[in-house]
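Below is one structure, written out as C-alpha cells, with a few remarks after it.
Along the sequence shown, residues carry numbers from 1.
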Amino acid sequence: PQPAFDTAADLSVILTWWQLTDGVADHGFFRGLPYRAALLALGRAYRKARARRPGFDERTRAHLEELARLEGERCPSMDRAADAFAALLAGAAEEEPDPVRRRVLEQLLYHLGRWIYLVDAADDLKKDVKSGSYNPLVYRFHAEGGTLTAEDRAALAATLDSSVRAMAAAFELADFGPWRAIIESVVYEGLYAVGAAVLNGTFRKGHRRKQRKAGA
C-alpha cells in the first residue's frame, strides 16, 4: 500500500540523515567532507520527513546520542551497546497504528538491530583493533589481538541465534502479505548464512571475489 511505502521512505531518510551526521562527527573536517555534502543534498527531504515523523526523528537522535556516549566511554558491556542500536530500529514500530502489529514489529526490529550491531562488530573486529576504534567484542571476549577463539565464536553465534529465533517468533505472529516470502527467507536462511560467514571469516572474502568479478 502507498501509505506503507511513504512511511518507509520517511524513516529511511531520517535514519540516513542521522547516520551521515554521525559520520561527520566521527571523521573530522577533511574526511567528513563527503558526509557534509550528502547532508546538504538530503536536507530538504530530511526536513519534510522530520515534519511528518517528529517522534521517530527525536527517538533516533536520542538513541544515537546514547550509543555515541557508550562508545565514547568504551562501554565494556556488549549487550548495552547493542541495545542502544536495537532500540533505535525498534522505534520505527511506533509508526504502526495497530497495537498488536506494533508489538510484533518492535520485537522483530529490536532483535534485527541487535543482530546487525553484533555482526558488524564481529566483521570489523580486526580493523577496529588496528585503528583503536571502539568495538564491544574486544571487552567481552578480551579480543585485543583482533581475533576470537573458537569458544568465543561459539558464544557469539549462540547470542546471535537467540536474536534470530526471537525475530522468527515475532514474524509468525503477524500477516506480512506479499512480503512474507522475502522476510521468511531472510529470517530463516539469510541471517544465519551471513552470521556464519562473518564468524568463520569467509564473508569479506566472498564479497571481494564478487567485486573483482564485477570489475573484470
Side-chain angles (χ1 to χ4, degrees), residues 1 3-16 18-19 53 55-56 59-60 62-64 66-67 70-71 75 77-125 135-137 140-141 148 152-204 206-207:
F5 283 112
D6 291 342
T7 299
D10 286 343
L11 301 188
S12 179
V13 167
I14 290 169
L15 286 171
T16 301
W18 286 108
Q19 182 182 32
R53 320 285 173 188
F56 180 70
R59 289 190 298 273
T60 299
H63 287 309
L64 282 177
E66 172 66 5
L67 182 58
L70 292 171
E71 292 181 345
C75 176
S77 170
M78 177 179 78
D79 290 323
R80 284 183 66 198
D83 174 74
F85 186 76
L88 186 160
L89 279 195
E94 293 296 323
E95 301 299 318
E96 169 57 51
D98 178 77
V100 175
R101 188 175 177 84
R102 186 188 313 131
R103 178 61 176 161
V104 168
L105 291 175
E106 282 177 352
Q107 285 297 299
L108 201 157
L109 291 172
Y110 177 89
H111 284 284
L112 176 61
R114 182 177 185 276
W115 184 93
I116 289 172
Y117 188 85
L118 294 177
V119 166
D120 187 61
D123 194 35
D124 288 344
L125 182 56
N135 190 306
L137 304 188
R140 170 62 178 82
F141 296 111
L148 299 175
D152 294 339
R153 288 196 300 273
L156 182 54
T159 194
L160 290 172
D161 289 352
S162 70
S163 278
V164 176
R165 287 193 294 272
M167 276 185 265
F171 167 73
E172 295 296 344
L173 295 176
D175 178 12
F176 289 93
W179 303 105
R180 179 178 175 83
I182 295 174
I183 299 173
E184 185 176 46
S185 177
V186 170
V187 171
Y188 287 104
E189 298 176 22
L191 296 178
Y192 284 116
V194 171
V198 168
L199 291 180
N200 66 29
T202 62
F203 180 70
R204 286 188 177 276
H207 181 62

Applying salt bridge (charged side-chain N to carboxylate O under 4.0 Å, His left out), run through Arg114 and Asp79 and close with a yes or a no. CA-CA 8 Å; Arg114 182 177 185 276; Asp79 290 323; 3.0 Å; yes

d(Leu137 CG, Arg153 CZ) to nearest 0.5 Å is 12.5 Å

Using a 3.5 Å distance criterion without hydrogens, assess whether the side chain of Asn200 forms a donor-acceptor pair with backbone atoms of Ala196. yes

d(Met78 CE, Leu156 CG) to nearest 0.5 Å is 6.0 Å

Between the CG atom in Leu118 and the CG atom in Asp123, the distance rounded to the nearest 0.5 Å is 12.5 Å

*asked:* Would the distance check show the side chain of Arg59 and the main-chain N or O of Leu88 forming a donor-acceptor pair, the cut-off being under 3.5 Å?
replied: no

Output for pair (Arg165 CZ, Leu191 CG), nearest 0.5 Å, gives 13.0 Å

*Please say whether more than 12 non-hydrogen atoms of neighbouring residues, nucleotides or ligands are located less than 6.0 Å from CZ in Arg103.*
no

For Ser163 and His111 the tightest heavy-atom approach is OG-ND1, 3.2 Å

Closest non-hydrogen atoms of Ala174 and Arg101, given as atom of the first, atom of the second and distance, are CB-NH1, 4.1 Å

ask   = In terms of ring plane angle, is the pair Phe171 and Phe176 parallel, tilted or perpendicular, where the classes change at 30° and 60°?
value = parallel

CZ (Arg80) and CG (Leu67) are apart, to the nearest 0.5 Å, by 11.5 Å

ask   = Judged by atom type as modelled, is there a donor-acceptor pair below 3.5 Å linking the side chain of Ser185 to the main-chain atoms of Ala181?
value = no

Is any side-chain heavy atom of Trp115 closer than 4.5 Å to one of Val194?
yes

Tightest non-hydrogen contact, residues Ala122 and Leu199, listed as CB-CD2, 4.2 Å

CD (Glu172) and CD (Glu184) are apart, to the nearest 0.5 Å, by 6.5 Å

Nearest heavy-atom contact between Val104 and Ala170 is CG1-O, 3.1 Å

- Heavy-atom check, side chain of Asp83 versus side chain of Tyr117, under 4.5 Å: no

In terms of heavy-atom contacts, Arg102 and Pro97 come closest through NH2-O, 2.9 Å

- Item | Cationic N near anionic O, under 4.0 Å, Glu95 to Arg53 | yes

Between the main-chain N or O of Thr159 and the side-chain N or O of Ser162, is there a donor-acceptor pair closer than 3.5 Å? yes

